Amino acid sequence: MAVSQHQFPADCMGQAPRAKTWTITLTIESNMYEKRKLERKTVSTSLEVYDLDTGNHLGRVVDLHAEGLMLLSDRPIDLYKHYALQVSLPMTLNGLTEFFLDAESLWNRESLAGGQYWTGLHFTQLPEASRTCIEKMVASR
């Protein structure tokens, strides 16, 4: 948390200078929305994510951990929406080429370069087979 104090003369409204000054204190929470407890692991392979309800490609996983993932997409993802997701693997892992999970989108923002969007998703339902895949991918990083 950063605290900044600035003093302004009492005449800032065009009045004659006075001896009094006002102190304004600004408090900035640097990680106000940072609630993540687990370290995210960058994904080195392409994990494509699809919305099972619509069949639409949502984007690709950038990093993940046992409780959520960060998605990079070409369009903004609706916030606070629950999704049934399919994550396609580029290889076979534990005999699977894809795994499934339910997640809720908690935040998003446009990338600095523009035209792409980052979205944080929290897992709301994670079948055991999916959890095992994620744990193996995270452990290998």
Side-chain angles (χ1 to χ4, degrees), residues 1-15 17-141:
M1 178 185 339
V3 176
S4 175
Q5 293 190 347
H6 298 278
Q7 292 190 343
F8 297 94
D11 71 337
C12 63
M13 297 301 288
Q15 301 169 354
R18 297 182 187 165
K20 287 185 179 180
T21 59
W22 299 96
T23 301
I24 297 174
T25 303
L26 301 173
T27 304
I28 301 169
E29 294 287 338
S30 60
N31 283 321
M32 190 166 63
Y33 299 106
E34 187 64 48
K35 299 190 192 263
R36 186 180 306 106
K37 294 175 185 153
L38 300 173
E39 180 183 356
R40 293 186 299 197
K41 300 291 183 173
T42 302
V43 177
S44 60
T45 59
S46 181
L47 303 176
E48 301 299 326
V49 179
Y50 298 88
D51 180 342
L52 288 174
D53 293 330
T54 65
N56 291 335
H57 177 256
L58 290 182
R60 103 182 143 77
V61 176
V62 177
D63 58 37
L64 80 159
H65 55 68
E67 294 180 2
L69 62 84
M70 185 166 62
L71 188 74
L72 181 63
S73 59
D74 292 332
R75 60 181 177 77
I77 304 299
D78 292 336
L79 283 179
Y80 310 113
K81 182 176 176 185
H82 290 270
Y83 291 92
L85 301 175
Q86 172 189 328
V87 179
S88 296
L89 301 169
M91 72 297 204
T92 301
L93 184 61
N94 289 350
L96 301 174
T97 57
E98 61 193 15
F99 62 87
F100 303 91
L101 56 95
D102 291 346
E104 179 183 12
S105 54
L106 298 179
W107 60 265
N108 65 18
R109 67 176 171 265
E110 189 171 6
S111 67
L112 292 176
Q116 291 188 308
Y117 300 85
W118 306 102
T119 302
L121 295 141
H122 175 74
F123 301 149
T124 56
Q125 184 177 4
L126 188 61
E128 192 56 39
S130 300
R131 179 177 305 284
T132 302
C133 283
I134 291 170
E135 287 172 352
K136 282 194 173 198
M137 286 186 282
V138 168
S140 70
R141 299 297 328 146

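Because the structure is a prediction, the values reported are computed rather than measured.
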To the nearest 0.5 Å, tell me how far [X] [atom1] sits from [Y] [atom2].
X      : Y      : atom1 : atom2 : result
Phe99  : Thr132 : CZ    : OG1   : 10.5 Å
Gln116 : Arg109 : CD    : CZ    : 13.5 Å
Leu85  : Leu69  : CG    : CG    : 7.0 Å
Leu96  : Cys133 : CG    : SG    : 4.5 Å
Lys136 : Asn94  : NZ    : CG    : 4.0 Å

task = Go through the structure and list residues passing side chain to side chain donor-acceptor pair (under 3.5 Å) with Glu48, not counting sequence neighbours.
result = Ser46, His57

Pairwise side-chain contact, Val62 with Leu71, heavy-atom cut-off 4.5 Å (strictly under) = no

Donor-acceptor list for residues 117-127 side chains, cut-off 3.5 Å, not counting sequence neighbours:
| residue | atom | partner | partner atom | Å |
| --- | --- | --- | --- | --- |
| His122 | ND1 | Glu67 | O | 3.2 |
| Thr124 | OG1 | Asp102 | O | 3.3 |

task = For Thr92, enumerate each residue passing the side chain to side chain contact (heavy atoms under 4.5 Å, CB included) test, keeping only those at least two apart in sequence or located in another chain.
result =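 Partners of Thr92 under the side chain to side chain contact (heavy atoms under 4.5 Å, CB included) test: Thr97.
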
inquiry  = Can you list everything that forms a side chain to side chain contact (heavy atoms under 4.5 Å, CB included) with Gln86? Sequence neighbours excluded, please.
reply    =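 Counting only residues at least two positions away or on another chain, Gln86 forms a side chain to side chain contact (heavy atoms under 4.5 Å, CB included) with Tyr50, Leu52, Ser88, Glu98, Phe100.
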
key: Any donor-acceptor N/O pair, Asp51 side chain to Asp53 backbone, under 3.5 Å   = yes

Solution key, residues 72-84 side-chain donor-acceptor pairs under 3.5 Å, sequence neighbours excluded:
| residue | atom | partner | partner atom | Å |
| --- | --- | --- | --- | --- |
| Ser73 | OG | Arg75 | O | 2.7 |
| Tyr83 | OH | Asp78 | N | 3.4 |

